[in-house]
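To keep things clear, I will list the structure first and then write my remarks on it.
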2 protein chains.
Amino acid sequence: MATLKQVAAHAEVSVQTVSNALNAPHRLRPDTLERVNRSIELLNYRPNRNARSLRTSAVELIGYCVPSWPDQAHLVMDQFLHELCAAAEKTGRHILLFTAPPGVEGMPTYDDLHARRLVDGFVLSQTETHDPRHGWLKDTQIPFVSFGRVWKETTQPGPWVDVDGAAGSAMAVQHLYETGRRRIAFLSWPRSSGLAEDRLAGWRGRCKQLGLPTGGLAVRCGEDAIDEGARATAELLDSDQPPVGIVALSDILALGALRELGRRGLTPGVDVGVTGFDDSPLASVVSPGLTSLRQPMDEIACELIAILTETQSLTGTTSGVPTERLLQPELVIRGSSAPG
Amino acid sequence: MATLKQVAAHAEVSVQTVSNALNAPHRLRPDTLERVNRSIELLNYRPNRNARSLRTSAVELIGYCVPSWPDQAHLVMDQFLHELCAAAEKTGRHILLFTAPPGVEGMPTYDDLHARRLVDGFVLSQTETHDPRHGWLKDTQIPFVSFGRVWKETTQPGPWVDVDGAAGSAMAVQHLYETGRRRIAFLSWPRSSGLAEDRLAGWRGRCKQLGLPTGGLAVRCGEDAIDEGARATAELLDSDQPPVGIVALSDILALGALRELGRRGLTPGVDVGVTGFDDSPLASVVSPGLTSLRQPMDEIACELIAILTETQSLTGTTSGVPTERLLQPELVIRGSSAPG
DNA sequence: CTGAAAGCGCTTACAG
DNA sequence: CTGAAAGCGCTTACAG
């Protein structure tokens with residue numbers, strides 16, 4: 001393993017010059033730069049990152065706590081991780097994975113990782129209503145950015161990126177409306193979830209806007225399970241005025257709706273239009289395919305990394321980068337809402 | 001941020017003694033140790049990992065390349081990552097995530113990560129038939145361990161951990177046999193997959209052993225998709241002697257079988273018993289639940305980490321730890337094979 | 001544009 | 001059992 005010193009000796013310059021060739025090439029005369037680069041190539045030199053980190057006290061590593069499954073979002077977690085990695089690598093950084101107890105119990109782990117200089121900062125996800133982690137990290141001055149807002153807080157403790165769930169539901173309603181449906185139901189979760197309330201509000205808002213009924217059309221499911229989605233759908237279909245469109249809060253719930261339709265001999269996309277959320281692998285794997293709202297994972301990842309690395313959180317200086325970004329989901333249309 | 005030096009000054013000992021208190025406490029007199037520990041506590045000292053790594057040239061980081069989805073195994077990837085993280089942390093290590101082009105194209109990325117001392121070694125997964133990465137890493141002397149065997153090689157280029165697919169299929173056959181079924185089919189993939197051949201062989205072997213027919217009962221699907229599983233199932237059910245049990249190579253294929261049964265008014269678990277592979281989130285989310293072969297992710301992760309850290313691959317010395325481990329899957333029985 | 005020197009925070013023979 | 005000193009491989013003011 002060649003060192004900076006050896007490269008310097010080989011190129012007959014000082015170590016400082018080699019270091020500059022790597023980190024500030026514009027400071028060198030072109031001929032010197034070329035000579036140094038030849039030596040680097042020849043000796044197959046790779047800078048030792050630990051030495052660099054020790055000196056600069058930046059490790060270029062971003063911590064991400066792997067959620068313990070089962071978990072609502074785990075179906076798209078692999079997509080998220082892949083994009084997060086790719087986005088980090090574009091800035092020369094990498095993702096360090098770790099496990100921690102949920103909630104505030106896990107904070108000592110975050111603190112330790114940061115204090116021992118294993119990471120520069122954190123990307124949080126699985127944000128919950130009143131998530132205590134954000135405030136804790138902010139107080140401790142540990143850089144972080146959150147995928148997901150801390151719900152029901154007037155002011156967010158730190159920078160975040162999120163997807164506009166209300167807009168997503170509205171898009172789903174609009175789509176079902178445009179395919180001729182006028183009675184559109186909503187499959188929701190318990191009231192305690194900020195995410196659920198956001199998506200529910202989008203459905204209600206657009207329905208009102210279009211002059212569609214909402215009364216008795218929002219059903220709360222006990223948990224995010226296929227059986228619950230099926231049960232809620234059965235309830236809706238058994239009512240006096242059954243809906244002809246169903247916007248579900250999640251792909252899982254939507255799958256329940258599809259199953260119940262099938263059980264009754266109704267054809268999804270023809271008799272009743274169904275949409276889900278997240279465009280998980282499930283959506284494209286069922287038949288007919290499930291129309292679903294895709295989260296723009298690549299954009300999300302890029303924004304997270306940009307905010308974490310370019311704002312005060314990591315550099316100590318405030319730049320012009322906004323620290324709150326609400327991104328729009330995209331409706332992926334499949335057979336469950338539009339046959340053919 | 002306190003340093004070793006400051007702790008030493010506070011405890012009125014040399015830095016060497018503080019270092020020993022941390023890394024070799026048995027070398028200190030109990031009273032000295034206690035005094036040093038008090039200072040560490042008081043100053044909230046955390047050793048700087050970069051300084052340590054620079055000195056010891058071990059970063060305690062293990063690289064794992066996030067597979068680009070879509071991918072056969074991505075449904076259980078989050079479980080795998082969680083267990084891998086947890087296992088690494090038990091040894092004081094962490095997982096560094098990165099992306100790389102598939103196959104041998106990605107090897108420079110592995111090499112770079114190792115040369116720049118961002119990682120000590122790698123855990124590979126998504127092993128393919130004749131996977132070139134193993135030989136490459138072995139030749140380059142980069143420590144690694146593989147989750148999955150390199151199929152069709154007489155000798156494996158490096159240490160591995162894998163799950164016994166043949167035994168898994170045999171367990172599924174045995175289970176269906178014990179629930180009274182005598183005609184058991186197998187849903188497979190194209191011949192090019194070592195994993196598929198392994199699982200197929202297990203089915204055939206156990207059927208022969210039990211005196212069950214196999215002729216015309218193995219169907220190859222074009223790809224791992226629900227539609228393909230349904231199509232293959234339809235083919236089987238339309239034959240002169242339709243099977244009453246179906247062992248599928250994957251949960252996805254099994255889901256296809258369930259769908260086709262439903263379409264025909266047949267009840268899974270009653271009329272036809274169905275089993276899948278991997279016990280993915282899908283298996284417990286459908287109704288009836290899908291009987292499936294669970295990979296022991298916790299064991300797999302522990303073995304991977306143990307082999308990587310305890311054998312020559314990382315320490316340079318051969319220890320007594322075996323470098324090849326074939327683990328047994330576990331049959332998780334649900335309604336698709338046994339009602340009630 | 002280039003170079004000699006200090007230092008980031010640890011660990012580890014070595015000597016006492 | 002304890003301590004003084006060298007060194008891991010970089011970066012960065014500083015001087016020329």
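Within every chain, numbering begins at 1; the chains are lettered A, B, ... in the order of the sequence lines, protein sequences first and strands thereafter.
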Nearest atoms (heavy-atom pairs only) where [X] meets [Y]:
{"X": "B:Val145", "Y": "B:Leu304", "answer": "CG1-O, 3.6 Å"}
{"X": "B:His114", "Y": "B:Val119", "answer": "CD2-O, 3.7 Å"}
{"X": "B:Ala100", "Y": "B:Cys65", "answer": "N-SG, 3.6 Å"}
{"X": "A:Pro143", "Y": "A:Leu308", "answer": "C-CD1, 4.0 Å"}

Inset, instruction - Under 4.0 Å between any heavy atoms, over every strand shown, what does A:Thr32 touch: base, sugar-phosphate, or nothing? Just pick one. - result: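 The answer is sugar-phosphate, as A:Thr32 gets under 4.0 Å only of primed atoms, P, OP1 or OP2.
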Between [atom2] on [N] and [atom1] on [X], what's the gap in Å once rounded to a whole number?
{"X": "B:Leu54", "N": "C:dT11", "atom1": "CG", "atom2": "C1'", "answer": "10 Å"}
{"X": "B:Ile40", "N": "C:dG9", "atom1": "CD1", "atom2": "C1'", "answer": "14 Å"}
{"X": "B:Asn50", "N": "D:dT11", "atom1": "CG", "atom2": "C1'", "answer": "14 Å"}
{"X": "B:Glu60", "N": "C:dC10", "atom1": "CD", "atom2": "P", "answer": "15 Å"}
{"X": "B:Lys5", "N": "C:dT11", "atom1": "NZ", "atom2": "P", "answer": "15 Å"}
{"X": "B:Arg46", "N": "C:dG9", "atom1": "CZ", "atom2": "P", "answer": "16 Å"}
{"X": "A:Leu22", "N": "D:dG9", "atom1": "CG", "atom2": "C1'", "answer": "13 Å"}
{"X": "B:Asn48", "N": "D:dC10", "atom1": "CG", "atom2": "C1'", "answer": "14 Å"}

Inset, instruction - Among the candidates D:dG9, C:dT11, C:dC1, find the nucleotide nearest to the side-chain atoms of A:Arg27. - result: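 Out of D:dG9, C:dT11, C:dC1, the nucleotide with an atom closest to A:Arg27's side chain is C:dC1.
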Legend entry - Out of C:dA5, C:dT11, C:dT2, whichever nucleotide has its closest atom nearest the side chain of B:Leu4: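 The nucleotide sitting nearest to the side chain is C:dT11.
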Any side-chain N or O of [X] less than 4.0 Å from the OP1 or OP2 oxygen of [N]?
{"X": "B:Thr17", "N": "D:dG3", "value": "yes"}
{"X": "A:Arg29", "N": "C:dC1", "value": "no"}
{"X": "A:Arg55", "N": "C:dG7", "value": "no"}
{"X": "A:Ser14", "N": "C:dA4", "value": "no"}
{"X": "A:Asn23", "N": "D:dT11", "value": "yes"}

Give a yes or no on whether a salt bridge exists between [X] and [Y], defined as a side-chain N under 4.0 angstrom from a carboxylate O.
{"X": "A:Arg116", "Y": "A:Asp112", "result": "yes"}
{"X": "A:Glu34", "Y": "A:Arg38", "result": "yes"}
{"X": "A:Arg325", "Y": "A:Asp162", "result": "no"}

Legend entry - Pair B:Ser146, B:Thr127: side-chain N/O donor-acceptor within cut-off below 3.5 Å: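 Yes, B:Thr127 and B:Ser146 have a side-chain donor paired with an acceptor closer than 3.5 Å.
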Legend entry - Donor + acceptor pair across side chains of B:Ser125, B:Tyr64 (<3.5 Å):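 Judged by distance alone, the side chains do pair up.
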Inset, instruction - For A:Val15 and for B:Thr56, locate the closest nucleotide of DNA chain D by heavy-atom distance; then report the residue assigned to the nucleotide nearer the 5' terminus. - result: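 Checking each residue's closest nucleotide, the 5'-ward one belongs to B:Thr56.
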Legend entry - Consecutive-pair stems (at least three Watson-Crick or G-U pairs, under 3.5 Å) that include DNA chain C: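 Output for stems: C:1-3 with D:14-16, C:5-12 with D:5-12, C:14-16 with D:1-3.
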Inset, instruction - Assess whether ring-ring contact (aromatic ring centres under 6.0 Å, His included) is satisfied between A:Phe144 and A:Tyr110, documenting all intermediate values. - result: CA-CA 10 Å; A:Phe144 76 98; A:Tyr110 287 73; 9.4 Å; no
Under 3.5 Å, N/O pairs linking protein and nucleotides 13-16 of chain C:
residue : atom : partner : partner atom : Å
C:dA13  : N6   : B:Gln16 : NE2          : 2.9

